[in-house]
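Worksheet: the structure to be examined is printed underneath.
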2 protein chains.
Amino acid sequence: MKSSKIKEIALKFFTIHGYEGASLSQIADHVGMKKQSLYAHFKGKDDLFLQVLQDAKEAEMSSKLQYLRKVDTDNPKADLYGYLQLVIDLFQQSEQLKFWLRMSFFPPVHLAAAINEEVIDIETKIQSVLESKFQAWIDNKAIMKDEALIPTLAFLGVVDSIMLELVYGNDEKRLKDKLNASWTVFWRGISQP
Amino acid sequence: MKSSKIKEIALKFFTIHGYEGASLSQIADHVGMKKQSLYAHFKGKDDLFLQVLQDAKEAEMSSKLQYLRKVDTDNPKADLYGYLQLVIDLFQQSEQLKFWLRMSFFPPVHLAAAINEEVIDIETKIQSVLESKFQAWIDNKAIMKDEALIPTLAFLGVVDSIMLELVYGNDEKRLKDKLNASWTVFWRGISQP
DNA sequence: CCTATATTGACGAACGTTCGTCAGTTATTT
DNA sequence: AAATAACTGACGAACGTTCGTCAATATAGG
């Protein structure tokens with residue numbers, strides 16, 4: 001399918017240059033066609049962008065939810081660390097997560113409302129699943145007794161900080177160090193003494 | 001000084017729309033002049049941008065270093081939490097930190113090298129000062145014994161996650177919750193048991 | 001099976017608009 | 001009078017978008 005190829009290239013350009021900085025002629029060039037031909041597949045720049053956004057959202061959400069579905073109530077340490085690894089893998093094997101991160105925090109103004117809706121949607125879903133997992137671990141005495149919201153939000157904070165490090169990107173060692181540091185302190189902070 | 005006014009407006013537009021999305025005519029409009037008149041104060045768009053960047057860098061660095069200079073070896077809990085509060089205050093009382101964050105992670109490509117140099121500079125300076133503080137707290141047995149790099153990077157991770165929450169912006173309660181959660185777990189993870 | 005008819009995808013050309021920039025001129029200030 | 005800062009006017013280049021057209025493919029009826 002040709003429109004998949006277009007979206008793939010467009011994803012790269014939107015990620016690197018932002019919405020305003022990505023031009024249809026550049027995208028078309030890399031696809032191997034003229035910018036006018038893009039209009040046979042998409043109504044316009046906004047339409048292309050929003051479809052790329054939808055794809056990225058669905059990819060991220062399904063990956064994360066699929067992982068969380070396999071998480072049981074016994075191994076919080078391995079499962080949480082595995083989630084961080086999943087995020088790192090997703091980031092490095094596709095541009096979709098970086099695109100998603102950029103657009104959720106620095107959206108093009110005229111599409112901010114539509115984007116925000118999707119961000120809220122994915123965020124509440126992930127948080128709610130995660131919070132119930134933490135509650136189960138707490139009930140199971142696998143981690144320290146606490147309000148489930150506390151470790152949930154703290155963990156999401158760790159995820160965010162790791163993603164920022166991934167965006168920054170050009171220092172593999174620093175990523176390992178930061179992951180190790182954040183994870184060590186986080187786990188100490190929620191595990192049974 | 002009129003060029004300060006221009007930079008102030010430009011900061012807002014660069015922050016909201018990014019480098020490519022911010023136009024000189026819009027900036028000039030809000031200043032109250034024609035875009036061509038901007039050239040009496042700046043060589044061009046790049047020059048304006050880089051001066052705004054310099055100002056933002058110096059403001060952030062001096063604020064943070066000034067705060068850290070007053071930190072002694074006795075009260076890690078209050079001083080670290082105060083640092084997080086400082087970041088929040090900086091974010092809310094000026095756009096410079098948000099601008100800085102956007103440009104360090106999603107720079108305009110043709111200025112990425114120059115921006116990255118500044119980012120590296122400020123980051124290594126802050127980290128080095130912070131690490132020596134953590135070392136002093138460890139020596140002083142004010143926090144758990146550990147390699148100083150671990151709590152340092154973990155703390156910088158907390159700072160990053162709080163800043164992301166600030167960028168996201170439109171939920172004061174969520175900010176308080178996330179700050180509380182991240183801080184609680186972080187402090188548990190580095191304090192003496 | 002063959003022909004007529006839609007449908008699709010890509011194209012060159014052009015649209016109006018905006019972009020950043022430069023040159024020359026007027027106005028303001030010291 | 002000299003200098004600084006704002007103005008007007010114009011520039012080529014690029015932007016997203018629309019148009020009419022042409023080739024290739026898929027669909028239809030006799």
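Just so it is clear, the model here is predicted, and its values are computed rather than measured. Letters A, B, ... are given to chains in the order of the sequence lines, protein chains preceding strands, and every chain is numbered from 1.
Within 4.0 Å of A:Lys2, counting heavy atoms only, lie sugar-phosphate atoms of the nucleic acid but no base atom.
When the nearest nucleotides of DNA chain C are assigned to B:Asp46 and A:Ser37 by heavy-atom distance, the more 5′-ward of the two goes with A:Ser37.
The shortest heavy-atom contact between A:Asn180 and A:Thr184 is O-OG1, 2.6 Å.
Taking side-chain N and O atoms only, A:His41 has a distance below 4.0 Å to OP1 or OP2 of C:dA10.
Using a 4.0 Å cut-off between a side-chain N of Lys or Arg and a carboxylate O of Asp or Glu, B:Asp79 and B:Lys133 do not qualify as a salt bridge.
Once you apply a 4.0 Å limit to the heavy atoms of chain A, the touched nucleotides of DNA chain D run 5' to 3' over D:dC15 to D:dT18.
Atom CD of B:Gln85 sits in a crowded spot, with more than 12 heavy atoms from other residues, nucleotides or ligands closer than 6.0 Å. For NE2 of B:His17, the number of neighbouring non-hydrogen atoms (other residues, nucleotides, ligands) closer than 6.0 Å is greater than 12. B:Gln192 CD: more than 12 foreign heavy atoms inside a 6.0 Å radius.
Residues B:Tyr168 and B:Arg174 fail the side-chain proximity criterion, which asks for heavy atoms closer than 4.5 Å. Looking only at side-chain heavy atoms (C-beta outward), B:Tyr83 and B:Val158 stay at 4.5 Å or farther from each other.
The nearest whole Å value for the distance from the OH atom in B:Tyr39 to the P atom in C:dG24 is 17 Å. One interatomic measurement links the two molecules: CZ of A:Phe42 to C1' of C:dG9, which rounds to 13 Å at whole-angstrom precision.
By the 30° and 60° cut-offs, the orientation of the rings of B:Phe14 relative to B:Phe99 is tilted.
The stretch residues 12-33 of chain A touches DNA chain D through A:Ala22, A:Ser23, A:Leu24, A:Ser25, each having a heavy atom within less than 4.0 Å of the strand.
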